[in-house]
Amino acid sequence: MSLDKNVADLLNEQINKELYSAYLYLTFADYYDDRGLKGFANWYMIQVQEEVAHAKGLRRYLLDNDVLPQMKAVAQPDKTFSNDLEPLEAALAHEKYITDSINQIYFAAHEAHDLRTCKLLDWYVNEQAEEEVNAKDMITNMKLFGTDPKGLYDLDREYQARTFVAPTIAM
Ligand code: OFO
């Protein structure tokens with residue numbers, strides 16, 4: 001089976017979106033690191049690794065299906081923040097955008113009767129659901145506890161403990 005051209009192109013574009021996600025989260029890590037919140041910075045540095053893994057999973061899939069991926073230019077993130085809540089809200093908005101993008105590829109694959117790509121995208125659909133929950137939880141935690149210095153300190157310590165576990169999708 002060869003991949004439908006439109007589906008292959010969308011998967012290739014998604015590689016770029018995942019790499020942009022990594023680039024975006026790098027700027028969030030920079031913001032928190034600069035503020036002295038090393039735990040938040042750590043959380044987003046792990047997220048950078050996750051996003052690169054998502055891009056690698058799509059690259060692998062294209063190669064395994066005889067499509068040569070094309071690495072396009074990654075846009076410059078242009079966000080600036082004036083408080084510690086804003087990056088968390090920007091993260092949730094971004095994850096919703098990525099979920100929508102994955103859904104659009106899923107619809108295209110389904111329309112092309114491409115069940116193989118649908119199976120691959122099942123993993124990404126689940127991952128997006130998890131990432132949106134994480135992003136929402138971080139906003140809730142910040143609103144509940146982050147307004148008090150001790151609460152913020154504890155949250156930062158909690159996020160410091162996050163470690164990267166490479167997903168099986170990225171080979
Ligand atoms: Fe790749 O999951 Fe976030 O964006």
Side-chain angles (χ1 to χ4, degrees), residues 11 13-64 69 71 74-103 105-106 119-171:
L11 289 169
E13 274 173 36
Q14 190 63 33
I15 292 178
N16 189 272
K17 289 177 184 173
E18 299 293 343
L19 292 175
Y20 174 78
S21 302
Y23 222 34
L24 182 69
Y25 289 140
L26 203 46
T27 69
F28 291 13
D30 292 346
Y31 168 84
Y32 287 116
D33 203 298
D34 186 52
R35 290 263 303 122
L37 292 167
K38 297 271 167 100
F40 282 82
N42 173 65
W43 204 97
Y44 280 111
M45 287 308 286
I46 302 292
Q47 197 58 31
V48 169
Q49 286 178 275
E50 292 233 341
E51 299 302 349
V52 171
H54 299 167
K56 284 165 80 178
L58 296 167
R59 169 188 175 268
R60 182 76 265 155
Y61 182 75
L62 288 178
L63 285 168
D64 286 349
M71 295 303 135
V74 179
Q76 179 181 354
D78 59 355
K79 297 212 175 317
T80 52
F81 305 112
S82 48
N83 63 58
D84 298 335
L85 183 62
E86 284 181 6
L88 308 179
E89 289 175 329
L92 178 58
H94 182 70
E95 288 306 330
K96 286 183 175 174
Y97 159 74
I98 293 293
T99 297
D100 187 56
S101 180
I102 296 287
N103 288 350
I105 311 173
Y106 204 114
K119 290 293 277 182
L120 171 88
L121 292 174
D122 281 340
W123 187 90
Y124 285 85
V125 168
N126 290 336
E127 178 71 4
Q128 281 311 120
E130 193 182 308
E131 294 205 332
E132 283 191 31
V133 170
N134 285 342
K136 270 188 269 188
D137 284 351
M138 289 181 84
I139 292 169
T140 305
N141 286 342
M142 179 62 91
K143 285 181 176 169
L144 278 176
F145 311 116
T147 45
D148 146 79
K150 171 75 169 87
L152 185 61
Y153 177 77
D154 288 344
L155 268 185
D156 195 56
R157 297 267 310 232
E158 184 183 323
Y159 296 145
Q160 184 72 55
R162 187 183 191 200
T163 55
F164 178 63
V165 181
T168 50
I169 201 118
M171 293 165 287

S.K.: Quick one: do E51 and E131 satisfy side-chain contact (heavy atoms from CB on, under 4.5 Å)? Show the steps, please.
M.R.: CA-CA 11 Å; E51 299 302 349; E131 294 205 332; 3.5 Å; yes

S.K.: For F164, does the CZ atom have more than 12 heavy-atom neighbours from other residues, nucleotides or ligands under 6.0 Å away?
M.R.: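 Yes, CZ of F164 has more than 12 neighbouring heavy atoms, counting only those of other groups under 6.0 Å.
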
S.K.: Under 4.5 Å between any side-chain heavy atoms of L121 and L11, yes or no?
M.R.: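 Result yes, sub-4.5 Å side-chain heavy-atom pair found.
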
S.K.: Measure from the side-chain N and O atoms of Y25 to the backbone N and O of Q49, and report whether any donor-acceptor pair falls under 3.5 Å.
M.R.: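 Pair absent, no side-chain N/O of Y25 close to backbone of Q49.
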
S.K.: Side-chain polar contacts of residues 136-146 - donor-acceptor pairs under 3.5 angstrom, sequence neighbours left out - could you list them?
M.R.:
from: T140; atom 1: OG1; to: K136; atom 2: O; distance (Å): 3.0
from: N141; atom 1: ND2; to: D137; atom 2: O; distance (Å): 3.4
from: N141; atom 1: ND2; to: Y159; atom 2: OH; distance (Å): 3.3

S.K.: Would a 4.5 Å heavy-atom cut-off, applied to side chains only, mark I169 and Y124 as touching?
M.R.: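 They are in contact (side-chain heavy atoms under 4.5 Å apart), so the answer is yes.
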
S.K.: On a heavy-atom basis, which atom in A161 and which in N42 lie closest, and how many Å separate them?
M.R.: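 That would be N-ND2, 4.3 Å.
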
S.K.: Determine whether Y44 and L88 make a side-chain contact, defined as any pair of heavy atoms from C-beta on separated by less than 4.5 Å.
M.R.: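 Yes, their side chains come closer than 4.5 Å.
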
S.K.: Would you check if L37 and L155 make a side-chain contact, meaning some heavy-atom pair closer than 4.5 Å?
M.R.: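 Of all side-chain heavy-atom pairs linking L155 with L37, none is under 4.5 Å.
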
S.K.: Once rounded to the nearest 0.5 Å, what's the spacing between atom CG of L58 and atom CG of L63?
M.R.: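 Result: 11.0 Å between the selected atoms.
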
S.K.: Which pair of heavy atoms, one from A90 and one from F28, lies closest together, and at what distance?
M.R.: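 A90 and F28 have their closest heavy atoms at CB-CZ, 3.8 Å.
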
S.K.: Locate the shortest heavy-atom distance separating P77 from Y23; write the atom from each residue and the value.
M.R.: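 Of all heavy-atom pairs spanning P77 and Y23, the closest is CD-CD2, 3.5 Å.
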
S.K.: For residues N83 and P87, report the shortest heavy-atom separation together with the two atoms involved.
M.R.: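 Closest heavy-atom pair between N83 and P87: O-CD, 3.3 Å.
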
S.K.: Supply the atom-to-atom distance T147 OG1 to L85 CG, rounded to the nearest 0.5 angstrom.
M.R.: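 T147 OG1 to L85 CG: 10.5 Å, rounded to 0.5 Å.
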
S.K.: In Å and rounded to the nearest 0.5 Å, what is the CZ to CG distance from R35 to D84?
M.R.: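 Rounded to the nearest 0.5 Å, the CZ-CG separation comes out at 4.0 Å.
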
S.K.: To the closest 0.5 Å, what do you measure between CG (N103) and CD1 (I98)?
M.R.: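 CD1 of I98 is found 11.0 Å from CG of N103.
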
S.K.: Over all heavy atoms of both residues, which pair between D156 and K38 is shortest? Give the atoms and the distance, please.
M.R.: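 In this case the closest contact between D156 and K38 is OD2-N, 3.4 Å.
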
S.K.: Taking all non-hydrogen atoms of both residues, which atom of L26 and which atom of V48 are closest, and how far apart?
M.R.: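 Taking every non-hydrogen atom into account, N-CG2, 3.5 Å.
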
S.K.: In terms of side-chain heavy atoms, does Q128 have a donor or acceptor partner in E132 at a distance below 3.5 Å?
M.R.: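 Their side chains do not contain a donor-acceptor pair, so the 3.5 Å distance test is not met.
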
S.K.: Closer than 3.5 angstrom, by distance alone: can the side chain of E86 be matched with the main-chain N or O of S82 as a donor-acceptor pair?
M.R.: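 The answer is yes, because a donor-acceptor pair under 3.5 Å joins these two groups.
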
S.K.: Using modelled atom types and a 3.5 Å cut-off, is there a donor and acceptor pairing between side-chain atoms of S101 and backbone atoms of Y97?
M.R.: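 Answer holds: no.
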
S.K.: Looking at D154 and K150, does any basic side-chain N land under 4.0 Å from a carboxylate oxygen?
M.R.: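 Salt bridge: yes.
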
S.K.: Who passes ring-ring contact (aromatic ring centres under 6.0 Å, His included) against Y61, sequence neighbours left out?
M.R.: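 Applying ring-ring contact (aromatic ring centres under 6.0 Å, His included) to Y61 gives none.
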
S.K.: How far does CD1 of I102 sit from NZ of K17, to the nearest 0.5 angstrom?
M.R.: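 Reported to 0.5 Å precision, the distance equals 8.5 Å.
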
S.K.: OH/Y20 to CD/E13 distance, rounded to the nearest 0.5 angstrom?
M.R.: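 CD of E13 is found 15.5 Å from OH of Y20.
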
S.K.: Give me the ring orientation class for Y31 and F81: parallel if the planes are under 30° apart, tilted from 30 to 60°, perpendicular past 60°.
M.R.: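 Perpendicular.
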
